[in-house]
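Index from 1, following the sequence. Quick note: numbers below take in every heavy atom, side chains included, and nothing from hydrogens, waters or symmetry partners.
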Amino acid sequence: MNINALLLSSVACGAVAPAVAQPANPSLHSGTAVGSDKPHIIMIVTDQQRWDALGAVNSAVITPNLDALAGEGNLFSSCYTAAPSSTPARSGLLTGMIPWHHGMLGYGNVSEHYPCEMPRMLREQGYLTLGIGKMHWRPQTALHGFHATITDESGRRESPYYISDYHKWFYANALGEDPDVTGLGWNDHGARPYQLEERLHPTAWTGAEAVSVIEHFKNNQPLFLKISFARPHSPYDPPRRFVDMYEGVEIPAPAHGAWSEHIGEGVSPDEKPDAAFGAFGDDYAKNTRKHYYASVTFIDEWVGKIVGALKAKGMYDNAIICFVSDHGDMMGDHNHWRKTYAYEGSSHVPLIVKLPKSFRQRVKRGATVDAPVELRDLLPTFLTVSGLQELSRDLDGESLTRLLCDKHPRWRAYVGMEHATCYSPDNYWCAMTDGKIKYIWFFNTATEQLFDLEKDPYETVDVSGDARYAGRIEELRDALAEYLSERGEDWVKDGRAVQRKSPMLYSPNYTK
């Protein structure tokens, strides 16, 4: 049975709730499409793509299709992930909640059930729901309301007898080949071109599956399609033709500041190829970045094919398309690698939103929006676009249609972020940012940092001790205390965040 037959059989069995009624006059409602048909919802997610790995932000990166999508939609320049590692970030995306409320304060296991779940809530709105690619859930066969998932779990086998759909396909199409022949580990920061045919790469598989679903979609119900690429997360292994595109391109060197000059000294990438901290030199980091950017360009080519398939099918104009990543990648900035950090490379992610053509925007399409937004805002956005008039009070996010369509939108001042201890006892923190300034509190050491992102976007100068910022740091300390206040005196006392020697990975709200 093909996937469309599977979706149709689910509908026939009564698995999808009836579509809710549209507003009486949707053309006058800034958050609802004109007409009776619900817009399709296409969410494209990358893994570990930092904010500046996008041509619209960084001229060294080749992403013509994503740049075009930003031109037809809107780029959100201050999008952050509240807990910058895969599973807690994906929990926030799934639930529309902050870490304390969905329960994951660091890298752990996504719960099997939540009170709010994106696929289930959209299914209740009458959507056919399908997920393709990396979900990173446990158990790995969990659906969270999807009619079906077609998975690539990056080689992870964490559930009994589980083999990803990508690996099943690989063995059926290249039996005898080794999918890991390139020889890079899942968290290694070395880089080299893919050693097999391009069509066998997981990026090509995920993109081709998505295009096939769109081309063969035959149903009058709206589609919610999550397309989740497992790259540019390491291994940094794009096909050679994408690496060749970067010959002669000046690759930016990693950022270095006085506060980070001794971090990672004495660590060798040969001895520890997946080191979280390492001063490996600019040439090493540039080679990694070249392959990382090439991995993004590979995804960009498939984004172009996905958009082309939507246009050929007549679905593009009546679709919201969202492109986002779960978290970033430090790429050697301040001798940090991978993620889980409060710094920009780890916590700041790209976000592009193209609303359906029928929506009356007050923000011009193609304009950049600098309001502080977070992954939790996507579920409320999709529910609003689906026609739902009253959102669950359990949701912490806000609909991005308010920023794009309302005349005088009220919005948060800051995004709160955090991560439980990972890689180092000192890497236990909470932070507040609006994309222009960032305050970080380190729980274990009771120390703080402040960065002026407008003047110093790569955080090379810690201005926490600069008297000129005394008023701003007080404001941000107050904002952090407010963010943590519901947790009690173990977190906040006398209006200030407190030192914590014992990290908490799961909050009391986590459901096992």
Side-chain angles (χ1 to χ4, degrees), residues 50-53 57-58 60 77-78 80 84 189 250-269 272 274-289 292 327-349 414-415 417-419 421-477 479-480 496-497 499:
R50 51 189 279 155
W51 64 286
D52 61 355
V57 177
N58 178 358
S77 61
S78 299
Y80 289 84
H189 31 67
E250 182 59 36
I251 304 297
H256 301 289
W259 63 270
S260 61
E261 60 185 358
H262 298 299
I263 292 173
E265 292 182 332
V267 180
S268 166
K272 195 167 180 56
D274 62 350
F277 308 96
F280 304 144
D282 287 356
D283 288 343
Y284 180 93
K286 284 184 177 183
N287 181 65
T288 298
R289 288 178 176 224
Y292 177 81
H327 54 79
D329 190 322
M330 289 297 291
M331 288 276 108
D333 281 347
H334 308 293
N335 300 329
H336 287 60
W337 298 87
R338 297 156 63 182
K339 62 275 188 179
T340 77
Y341 313 108
Y343 307 117
E344 290 288 280
S346 169
S347 64
H348 190 176
V349 296
Y414 300 106
V415 167
M417 306 184 293
E418 62 190 292
H419 205 282
T421 303
C422 192
Y423 304 148
S424 163
D426 294 346
N427 188 35
Y428 180 26
W429 56 269
C430 194
M432 303 299 293
T433 188
D434 60 358
K436 300 177 178 65
I437 197 161
K438 183 189 294 177
Y439 172 76
I440 309 169
W441 171 258
F442 295 93
F443 286 113
N444 189 47
T445 58
T447 55
E448 57 191 2
Q449 289 181 317
L450 185 72
F451 296 102
D452 185 337
L453 300 177
E454 289 187 293
K455 296 180 180 178
D456 180 26
Y458 290 96
E459 300 161 312
T460 61
V461 180
D462 175 9
V463 296
S464 59
D466 189 328
R468 291 172 295 180
Y469 290 87
R472 293 305 309 274
I473 200 168
E474 282 297 313
E475 177 185 341
L476 286 153
R477 287 169 181 157
L480 179 63
R496 287 290 177 264
Q499 186 174 25

Are [X] and [Y] side-chain neighbours, meaning at least one heavy-atom pair lies under 4.5 Å?
{"X": "Thr340", "Y": "Ser346", "result": "no"}
{"X": "Asn335", "Y": "Phe280", "result": "no"}
{"X": "Asn444", "Y": "Pro425", "result": "yes"}
{"X": "Asp274", "Y": "Lys272", "result": "yes"}
{"X": "Ile440", "Y": "Lys438", "result": "yes"}
{"X": "Leu453", "Y": "Glu459", "result": "yes"}
{"X": "Asp462", "Y": "Phe451", "result": "yes"}
{"X": "Asp329", "Y": "His189", "result": "no"}

[X] versus [Y], closest heavy-atom pair with distance:
{"X": "Tyr428", "Y": "His419", "result": "CD1-O, 3.4 Å"}
{"X": "Ser464", "Y": "Glu448", "result": "OG-O, 3.7 Å"}
{"X": "Ile263", "Y": "Ala279", "result": "O-CB, 4.1 Å"}
{"X": "Ala275", "Y": "Val267", "result": "CB-CG1, 3.9 Å"}
{"X": "Asn427", "Y": "Cys422", "result": "ND2-O, 2.9 Å"}
{"X": "Leu476", "Y": "Tyr439", "result": "CB-CB, 3.6 Å"}

Looking at Arg472 and Asp452, is there a salt bridge between them, counting it only when a charged N and a carboxylate O are closer than 4.0 Å? no

[X] side, atom [atom1]; [Y] side, atom [atom2] - distance, nearest 0.5 Å:
{"X": "Arg468", "Y": "Ile473", "atom1": "CZ", "atom2": "CD1", "answer": "13.5 Å"}
{"X": "Thr447", "Y": "Trp441", "atom1": "OG1", "atom2": "CH2", "answer": "7.0 Å"}
{"X": "Ile251", "Y": "Thr288", "atom1": "CD1", "atom2": "OG1", "answer": "11.0 Å"}

Have Ser424 and Asp426 got a donor and an acceptor in their side chains that come within less than 3.5 Å? no

Do Tyr80 and Glu344 pair up side chain to side chain, a donor and an acceptor below 3.5 Å, judged on atom types alone? yes

Criterion side chain to side chain contact (heavy atoms under 4.5 Å, CB included) on His256 and Asp282, from CA distance to verdict: CA-CA 10 Å; His256 301 289; Asp282 287 356; 3.1 Å; yes

Answer yes or no: is there a donor N or O on one side and an acceptor on the other, between the side chain of [X] and the main chain of [Y], under 3.5 Å?
{"X": "Arg50", "Y": "Met330", "result": "yes"}
{"X": "Asp52", "Y": "Val57", "result": "no"}
{"X": "Ser347", "Y": "Pro84", "result": "no"}
{"X": "Glu418", "Y": "Trp429", "result": "no"}
{"X": "Asp434", "Y": "Ile437", "result": "yes"}

CA sep, side-chain torsions, deciding dist, call: Phe277, Tyr341, ring-ring contact (aromatic ring centres under 6.0 Å, His included): CA-CA 11 Å; Phe277 308 96; Tyr341 313 108; 5.7 Å; yes

Determine, step by step, whether Arg289 and Asp333 satisfy the salt bridge (Lys or Arg N to Asp or Glu O under 4.0 Å) criterion, reporting the C-alpha distance in whole Å, the side-chain angles of both residues, the deciding distance to 0.1 Å, and the verdict. CA-CA 11 Å; Arg289 288 178 176 224; Asp333 281 347; 2.6 Å; yes

Is the ring centre of Trp51 less than 6.0 Å from the ring centre of Tyr343? no

